[in-house]
There are 2 protein chains.
Amino acid sequence: MTVHQHGRYSTPVEDLPSRAVPEAAVGRLAIYLRVLTSMIEQGVTTMSSEELAGAAGVNSATLRKDLSYVGSYGTRGVGYDTAKLVEHIEQLLGLTRHHSVAVVGIGNLGHALANYGGFPDRGFPVTALFDVDEDLVGIPVGGLPVDHVNTIPEVCAEREVTIGVICTPASAAQIVCDLLVAGGVRCILNFAPVMLQVPSDVEVRRVDLAVELQILSFYQARRSPGPRAGAAPVDPVAVIR
Amino acid sequence: MTVHQHGRYSTPVEDLPSRAVPEAAVGRLAIYLRVLTSMIEQGVTTMSSEELAGAAGVNSATLRKDLSYVGSYGTRGVGYDTAKLVEHIEQLLGLTRHHSVAVVGIGNLGHALANYGGFPDRGFPVTALFDVDEDLVGIPVGGLPVDHVNTIPEVCAEREVTIGVICTPASAAQIVCDLLVAGGVRCILNFAPVMLQVPSDVEVRRVDLAVELQILSFYQARRSPGPRAGAAPVDPVAVIR
DNA sequence: GCAACTTTGTTCCTGCGTTCACAAGCGGCT
DNA sequence: AGCCGCTTGTGAACGCAGGAACAAAGTTGC
């Protein structure tokens with residue numbers, strides 16, 4: 001029972017699959033991936049580290065080092081083949097096979113996530129929904145019927161859920177987490193404002209709305225004392241779609 | 001126009017308000033705050049660094065260092081007065097005054113956020129909702145009518161919005177962002193999967209579902225080759241509420 | 001009132017991540 | 001075919017954050 005939420009290392013033992021990749025680098029790789037697929041759709045077949053870094057908002061040296069973790073697939077004097085690079089990053093991130101997702105807690109947020117359809121981008125199909133509320137059980141949300149939280153272990157094992165998303169109130173999060181772990185789920189995305197206690201082989205990512213807002217509040221608090229920035233210097237000709 | 005999303009420093013100039021606080025520390029302080037308010041509700045008036053650190057899942061030395069940023073308000077041999085500490089952390093995080101929040105993009109996620117009511121914890125009232133869809137404009141969501149995105153600059157200036165939350169599709173995010181900035185908003189929470197370009201005095205926090213899932217996928221990919229963990233060693237006697 | 005224990009606040013140190021800078025390598029041009 | 005310029009990949013330095021250890025300080029018990 002360790003507490004290791006967020007930040008920490010990747011491969012404490014076993015450095016066979018390339019050398020250990022820093023966690024921050026993994027996050028950036030996911031961003032490169034998105035930029036790359038977007039560029040490929042626009043017909044771009046080759047990008048230099050400078051271009052890609054610019055689009056991702058990072059230093060080009062950082063980008064090159066990140067890409068060196070996945071292997072050396074660039075051509076000197078030219079740049080990176082976008083298609084090849086996508087392929088290799090996807091492989092490193094384990095996106096070649098699908099990851100079945102379960103959403104627990106079908107409140108406002110859970111409802112929103114369930115309706116995402118195929119979930120952000122491809123490769124993360126939602127295959128199970130759970131809630132405590134008996135009135136919700138059986139009702140389809142986003143085309144999938146809700147099951148009772150008591151059935152989490154069986155259903156998760158049966159449907160081979162790899163990622164559990166916790167959208168319950170804080171008070172229920174730990175219990176739900178234990179049930180997911182019991183069902184063999186070893187990756188958890190936690191939206192509840194609590195630090196989950198999990199076995200060391202379970203990975204938890206926490207997304208905390210309140211913390212994000214408070215960090216923004218902090219930066220707002222220590223600004224130049226000027227009250228508010230000048231109003232509307234940008235043309236309000238909003239042409240969205 | 002800098003790109004500085006996430007990570008970076010706090011007070012590049014001006015170290016008047018205590019010394020520069022590392023960004024990571026700010027995030028942890030928000031967590032301490034939650035733990036403390038929870039403990040106060042249970043009648044706890046004093047906590048040692050060891051206790052508080054345990055509850056927050058961090059090292060006690062780290063906690064003491066974090067608290068030293070807000071000032072020295074502990075009593076040696078005793079610990080910290082929970083009420084006093086909450087007060088000082090709230091002051092540092094700028095939570096003493098309210099931060100008016102605007103939500104842009106009333107889709108699944110925007111709908112969920114608008115319905116949060118007073119928004120996570122207290123101090124972040126949602127005072128404006130926006131969408132492009134004419135059919136949505138005027139309809140109240142969570143008790144607040146939706147306005148058209150074209151009116152973002154005026155409405156934000158008028159209602160003194162300090163934090164803008166972007167829940168639009170990626171394609172609209174940058175335009176919406178520009179409109180918020182035009183309305184004087186200098187803190188943005190971005191749920192759209194794009195790196196926003198903003199003036200250097202605007203702070204952007206990004207919450208990216210796809211990236212979080214892909215990071216989990218990465219850790220899942222490089223595990224002990226064993227297929228799935230053993231099933232249900234935990235009693236499924238789920239007694240939630 | 002004194003001594004011993006407890007807990008804070010801080011200094012030092014270690015280690016990781018980011019950045020800089022350069023050598024190696026590849027394509028294009030003459 | 002050889003040279004030139006561009007871009008990658010990596011070795012080394014820098015800087016920050018986290019952890020350990022210690023000194024200062026305050027409280028409790030005698």
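Here is how names work: the chains are called A, B, and so on, in the same order as the sequence lines, proteins then strands, and each is numbered from 1.
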Tell me: OH of B:Y69 to C1' of C:dT10, nearest whole Å? 11 Å
Qualifying side chain to side chain donor-acceptor pair (under 3.5 Å) pairs with a residue from residues 72-87 of chain B, counting only residues at least two apart or across chains: none
Electrostatic pair A:R205:A:E23 at N-O distance under 4.0 angstrom: yes
Can you measure A:L63 atom CG to D:dT10 atom C1' for me and round it to whole angstrom units? 14 Å
Please check: side-chain N/O of A:E51 versus main-chain N/O of A:S48, any donor-acceptor pairing under 3.5 Å? yes
Please assess A:R28 against A:T62 for the test side chain to side chain contact (heavy atoms under 4.5 Å, CB included), listing each intermediate value before the final yes or no. CA-CA 10 Å; A:R28 286 192 298 266; A:T62 302; 3.5 Å; yes
Give the nucleotide from the list D:dT27, C:dT10, C:dC26 with an atom nearest to the side chain of A:T75. C:dC26
Distance in angstrom units between B:M47 CE and C:dT7 P, rounded: 13 Å
Length of the line joining A:H88:NE2 and D:dG9:P, which is rounded to integer Å: 11 Å
CE on A:M39 to CG on A:L36, rounded to 0.5 Å: 8.5 Å
On DNA chain C, check which nucleotide each of B:G79 and A:V78 is closest to and give me the residue with the more 5' one. B:G79
Rounded to whole Å, how long is the line connecting atom CG of B:L67 with atom C1' of C:dT7? 13 Å
Rounded to the nearest Å, what distance is computed from the OH atom of residue B:Y32 to the P atom of nucleotide C:dT8? 13 Å
Selection from D:dT8, D:dT27, C:dT8 that lies nearest to any side-chain heavy atom of B:S48: C:dT8
Using atom CD of A:E50 as one end and atom P of C:dT19 as the other, report the distance to the nearest whole Å. 13 Å
Treat primed atoms plus P, OP1 and OP2 as sugar-phosphate and everything else as base, then score nucleotides 18-23 of chain D 5' to 3': B for base contact with protein heavy atoms under 4.0 Å, S for sugar-phosphate contact only, - for none. BBBB--
Is any side-chain nitrogen or oxygen of A:S49 closer than 4.0 Å to OP1 or OP2 of D:dT8? yes
Could you tell me how far apart A:L52 (CG) and D:dT8 (C1') are, to the nearest whole angstrom? 13 Å
Check whether any side-chain nitrogen or oxygen of A:Y73 sits under 4.0 Å from OP1 or OP2 of D:dT7, and answer yes or no. no
Tell me, with the steps shown, if A:C187 and A:I163 meet side chain to side chain contact (heavy atoms under 4.5 Å, CB included). CA-CA 5 Å; A:C187 296; A:I163 297 177; 4.0 Å; yes
With a 3.5 Å distance limit and no angle check, can you tell me whether B:T46 reaches the backbone of B:G79 through a side-chain donor-acceptor pair? no
